[in-house]
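Both counts, for ligands and for their atoms, begin at 1 and track the order of listing.
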Amino acid sequence: MYKKVGSILLVLMCALLLNFQAAFAAQKLPDVVILATGGTIAGSGATSTTTVGYTAATVPVENLINSVPELKKVANVRGEQVCQIASENMTNAVWLKLADRINTLLARDDVDGIVVTHGTDTIEETAYFLNLVVKSDKPVVIVGAMRPPTALSADGPINLYNAVILAGSKEAVGKGVLVTLNDTINGARDVTKTNTALCDTFRAPELGYLGYMQDSKPHFYKESIRKHTAQTEFDVSGLTELPQVDIAYGYANNSRVMLDAAVSANAKGIVYAGVGDGSLSTDVKAGLIDAQKKGVVIVRSSRVGNGIIARNGEANDDQLHFVASDTLNPQKARILLMLALTKTTDPQKIQQMFWEY
Ligand code: SIN
């Protein structure tokens with residue numbers, strides 16, 4: 001009799017314990033690390049109406065976190081200052097340091113997601129670089145602001161709040177690196193800055209947002225089908241530099257002078273932002289052919305900003321051993337080409353990568 005009652009009590013206690021654990025897990029806030037790099041989100045202006053002509057990258061990460069007390073209600077946040085720069089000064093060296101730190105942090109059980117605060121001018125490039133080299137399905141969210149924290153209606157605090165929620169969310173797991181500003185969620189591959197000053201500047205023109213941030217929740221409607229993060233072949237751990245790749249821009253009356261300069265400066269790859277569908281003037285074509293013969297890998301992209309660069313369309317890529325950039329804009333094509341060059345210089349293999357990533 002006593003034995004039976006004892007067993008029933010034991011079962012009841014176990015059930016209670018399991019319930020308690022489940023309730024605790026459901027309530028536990030996600031652990032999110034904020035890696036700060038600078039930008040307008042950490043900037044300061046002379047007056048509350050200074051929305052241009054302010055100084056970027058002056059506010060340290062601890063102050064950014066403390067300025068949004070609501071963060072503590074949605075995540076356990078802690079910050080690290082990776083660098084303090086305006087994002088026009090972003091370098092490959094900082095990218096490698098950032099990737100290394102993110103991969104180290106995401107390998108830990110006590111980190112659920114990462115937020116990177118960043119200047120908006122090159123945010124799309126850092127996002128795409130991380131999208132190709134982070135080795136985890138855990139969320140990585142890049143956030144910036146178009147107005148400094150000192151401005152009336154500064155957008156940084158709400159953007160940071162949304163970014164922390166997104167980085168701690170189950171919905172963002174496995175979606176690749178995300179960019180959030182102005183209540184939108186964009187994917188790293190397709191997002192670009194479309195306006196020099198408006199808060200509503202980050203878009204993936206034609207391909208569209210992945211979703212919205214509303215009411216302290218992410219709402220996803222689609223995801224990129226291109227390979228990213230843990231699915232890629234790129235491993236930058238231990239690298240201290242990346243192959244030099246330069247971009248040359250197409251325009252009327254264009255000559256090969258920029259291409260020759262890049263070759264003289266030892267470029268291993270050139271992305272040509274051609275007119276239209278990546279078209280090449282006669283002089284530019286001759287310059288690219290000479291560069292290719294010297295071992296430089298050539299990617300044809302476009303200054304248009306939308307649409308597919310047709311392989312063997314405006315140039316015979318097969319014959320010239322060129323690569324077509326698919327829909328990647330020149331600045332993103334540069335990143336994929338740098339990473340591709342860490343694996344191979346074969347233009348056919350690199351073309352395959354442009355179709356996969
Ligand atoms: C920057 O990119 O660092 C300055 C501009 C900005 O963050 O909006």
Protein heavy-atom partner closest to atom 4 (C) of ligand 1 - residue, atom, separation in Å: Thr40 OG1, 3.6 Å
Positive for side chain to side chain contact (heavy atoms under 4.5 Å, CB included) with His118, one of Ile142, Val143, Val179: Ile142
Within the structure, does Ala56 bring an N/O atom to less than 3.5 angstrom of an N/O atom in ligand 1? no
For the residue pair Trp95 and Phe129, categorise the inter-ring angle as parallel (less than 30°), tilted (30 to 60°) or perpendicular (more than 60°). parallel
Which atoms of ligand 1 have any heavy atom of Asp121 under 4.0 Å away? 1 (C), 2 (O), 4 (C), 5 (C)
Sub-3.5 Å N/O-N/O distance, Thr120 and ligand 1: yes
So which heavy atom in the protein is nearest atom 2 (O) of ligand 1, and how far is it from that ligand atom? Ser87 OG, 2.6 Å
Could you go through Thr327 and Arg189, starting from their C-alpha distance and side-chain angles, then the distance that decides it, and tell me whether this counts as side-chain contact (heavy atoms from CB on, under 4.5 Å)? CA-CA 9 Å; Thr327 61; Arg189 184 185 185 278; 2.9 Å; yes
What I want to know is whether His118 and ligand 1 share at least one N or O pair that is separated by under 3.5 angstrom. no
So is Ala57 close enough to ligand 1, meaning a heavy atom under 4.0 angstrom away? no
Are more than 12 heavy atoms, taken from residues, nucleotides or ligands other than Glu88, located less than 6.0 Å from that residue's CD atom? yes
Asp31: which residues meet the side-chain hydrogen bond (donor to acceptor under 3.5 Å, both in side chains) condition with it, sequence neighbours left out? Lys28, Asn76
How would you list, by chain and number, every residue that makes a salt bridge (charged side-chain N to carboxylate O under 4.0 Å, His left out) with Asp100, sequence neighbours excluded? none
Which of the ligand 1 atoms, numbered from 1, are nearer than 4.0 Å to a heavy atom of Ala86: 3 (O)
Check ligand 1 against Gly119 and write out every atom of the ligand that is under 4.0 Å from a heavy-atom position of the residue. 1 (C), 2 (O), 3 (O), 7 (O)
Checking Lys193 against Phe202: charged group under 6.0 Å from the ring centre and within 45 degrees of the axis? no
